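Working notes, beginning with the structure itself.
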Amino acid sequence: MQNASANALVPREAGRPGPIADIQKIAQHMARLNVAGLPRNYELFHEAIVGRNGGLAQDIAALGPQPQQAMLDELGLKYRLVSHCGLAGDTSRNEASRLLREVAEKLAEGLRHRDAFARACDTILKSVSGHEDQSLAAFIGELDYLSVSLTSVLSAEMEIGARLADDIKRLETLERGISAMQLAAVADRITGLPNRIALNRVMADLYEREEGAAGSALFMIDIDNFTDLNERYGTPAGNKLLKKLAGLFQKSIKKNDFIARTEADEFALLFANVGMQDAKAIAERLRASVEDNLVFATSDKGDSGRLTISVGVALSADASTPGQLQANARVALLAAQSNPRQPVQAFGR
């Protein structure tokens, strides 16, 4: 029954549903399982349904009806979803704040012990100075009291030092965890490439440069019929193709260029110092390289599968903002997808 439920989470229609249909499908599944309408829960089901993450779909199904929020959050962390990494980051920061408060309290406790010892020393000094005829036994008694106070101070400081050392290790562990989550938040889980968040940051930096953003080209690339490939050969095979495609793209870019996987079947490449003529030539070479190199076995021995892509190209010189550049590239991509005979299209050209 779990497998059946898991399969129900993964859409079976051959075409790619639009955003409204995706939202409706996600809302239906969440309502059926009585899942709270939190943004992070929406992302979790979006990854399982729209992102076609079969493993996550099965894990959600295994929780049964009315899954606890803590269990859903554990799945979000397991699959390194952005909103859940943020949730874990908040938890880690709260834990770090708590540890820092404890450190401050321990230091204050140590100062109190020192102040108490200083007062004891001052009291005994005044007692000795004011009573020159004080008996030896009384003087020794005061020294014994001072010795006990000093022992207490040293013992407390040793304990505080040990606890502080332990807290420092815990803080260092938290820092490493927060750094790892920050990296996970901008990295695609399947290919290891930067994700849409990372792309947005790079493009924002591009438009904030003093010299301006002109001179760059953004490619939006969509894998043709990727939903059908996943349906025919399964999600593991689809993920393997995504990794191969990511590797091919990485070999095709230079040091100052940037690549990201932005959606289930979409990639974005940002090239520096290129004009439209060069950009279109690069896009054509990428398309040909994909068709020539990403060939895979099929059930039909006489016919091997061949991966193809559609490419939309836009220049930063034609856009005044990062959002406009992405929109221009997407317009070009939609034109390429609607015209299989010309799978590379440039915005405004």
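Keep in mind that what you see is a predicted model, and the values were worked out from it rather than measured.
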How long is the straight-line distance from CZ of Phe45 back to NE2 of His29, given to the nearest 0.5 Å? 8.5 Å
Does any part of the side chain of Arg201, heavy atoms only, come nearer than 4.5 Å to the side chain of Ile197, both counted from C-beta? yes
Between Gln69 and Arg40, is any pair of side-chain heavy atoms under 4.5 Å apart? yes
Using the rule that two of Ile, Leu, Val, Met, Phe, Trp, Tyr join whenever any of their side-chain heavy atoms come within less than 4.5 Å, decide whether Ile253 and Val274 are in one cluster. yes
First locate atom CG of Asn256, then atom CG of Asn273, and finally report the distance between them rounded to the nearest 0.5 Å. 7.5 Å
What pairs with Ala70 under side chain to side chain contact (heavy atoms under 4.5 Å, CB included), at least two apart in sequence or on another chain? none
Do Ile49 and Leu63 share a hydrophobic cluster (ILVMFWY, side-chain heavy atoms under 4.5 Å, transitive)? yes
Donor-acceptor under 3.5 Å (Asn225 side chain, Asp228 main chain): no
Can you list the residues that meet the salt bridge (Lys or Arg N to Asp or Glu O under 4.0 Å) rule with Arg287, with sequence neighbours excluded? Glu284, Glu291
Any residue meeting side chain to side chain donor-acceptor pair (under 3.5 Å) with Ser216, in chain and number order, not counting sequence neighbours: none
Mind checking what makes side chain to side chain contact (heavy atoms under 4.5 Å, CB included) contact with Asp224, not counting sequence neighbours? Asp222, Thr308, Ser310
What are the two closest heavy atoms between Ala283 and Val344, and how far apart are they? CB-CG1, 3.7 Å
Nearest 0.5 Å, please: how far is CD in Gln68 from CE in Met71? 4.0 Å
Report the residues that fulfil side chain to side chain contact (heavy atoms under 4.5 Å, CB included) with Ser289, sequence neighbours left out, ordered by chain and then residue number. Leu248, Asn293
Using only atom types and a distance under 3.5 Å, with no angle test, would you say the side chain of Ser338 pairs donor to acceptor with the backbone of Ala335? yes
Contact check, side chains of Phe267 and Leu193, non-hydrogen atoms, under 4.5 Å: yes
Any side-chain heavy atom of Glu266 within less than 4.5 Å of one from Arg330? yes
With under 30° as parallel and over 60° as perpendicular, where do the rings of Phe271 and Phe219 fit, or are they tilted in between? tilted
If two hydrophobic side chains count as joined below 4.5 Å and joins carry through other members, does Leu334 share a cluster with Ile223? no
For the residue pair Lys244 and Lys240, establish whether any side-chain heavy-atom pair is separated by less than 4.5 Å. yes
Can you name the nearest heavy-atom pair linking Leu315 to Met276, along with the distance? CG-CE, 3.5 Å
Could you walk me through whether Leu241 and Tyr233 pass side-chain contact (heavy atoms from CB on, under 4.5 Å), step by step? CA-CA 11 Å; Leu241 283 173; Tyr233 307 115; over 6 Å; no
Does Glu263 pair with Arg196 as a salt bridge, N-O distance under 4.0 Å? yes
If you count every heavy atom of other residues, nucleotides or ligands that lies below 6.0 Å from Asp205 atom CG, does the total exceed 12? yes
Side chain to side chain, Val311 and Ile309, heavy atoms closer than 4.5 Å: yes
Using 0.5 Å steps for rounding, measure from the CG atom of Asp278 to the NZ atom of Lys280. 12.0 Å
Evaluate the side-chain contact (heavy atoms from CB on, under 4.5 Å) criterion for residues Ile190 and Lys243: first the C-alpha distance (whole Å), next the side-chain angles of each, then the deciding distance (0.1 Å), finally the verdict. CA-CA 7 Å; Ile190 294 175; Lys243 292 177 182 178; 4.2 Å; yes
Before you tell me yes or no, could you show the steps for Leu33 and Ile60 under side-chain contact (heavy atoms from CB on, under 4.5 Å), namely the whole-Å CA-CA distance, both residues' side-chain angles and the distance that decides it to 0.1 Å? CA-CA 10 Å; Leu33 296 176; Ile60 292 176; 4.1 Å; yes
Show the numbers, then the answer: is there a side-chain contact (heavy atoms from CB on, under 4.5 Å) between Asp257 and Leu269? CA-CA 7 Å; Asp257 300 329; Leu269 281 72; over 6 Å; no
Heavy-atom pair of closest approach, residues Ala336 and Pro343: CB-O, 3.3 Å
Quick check: closest heavy atoms across Asn41 and Ala36, and the distance to 0.1 Å? ND2-O, 2.9 Å
Is there a side-chain contact between Leu242 and Asp265 in this structure, where contact means two heavy atoms from C-beta onward sitting under 4.5 Å apart? no
How far apart are the closest heavy atoms of Asn195 and Ala260, and which atoms are they? O-CB, 3.8 Å
Supply the atom-to-atom distance Asn339 CG to Gln345 CD, rounded to the nearest 0.5 angstrom. 6.0 Å
Between atom CG of Leu245 and atom CD1 of Ile221, what is the distance when rounded to the nearest 0.5 Å? 7.5 Å
Is the backbone of Ala62 close enough, under 3.5 Å, to the side chain of Asp59 for a donor and an acceptor to pair up by distance? no
For Gln324 and Asp318: C-alpha separation, side-chain torsions, deciding distance, then whether side-chain hydrogen bond (donor to acceptor under 3.5 Å, both in side chains) applies. CA-CA 9 Å; Gln324 184 180 354; Asp318 297 329; over 6 Å; no
Remaining members of the apolar cluster that contains Tyr207, side-chain heavy atoms under 4.5 Å: Leu199, Val202, Met203, Leu206, Leu218, Met220, Phe258, Leu270, Leu325, Leu333
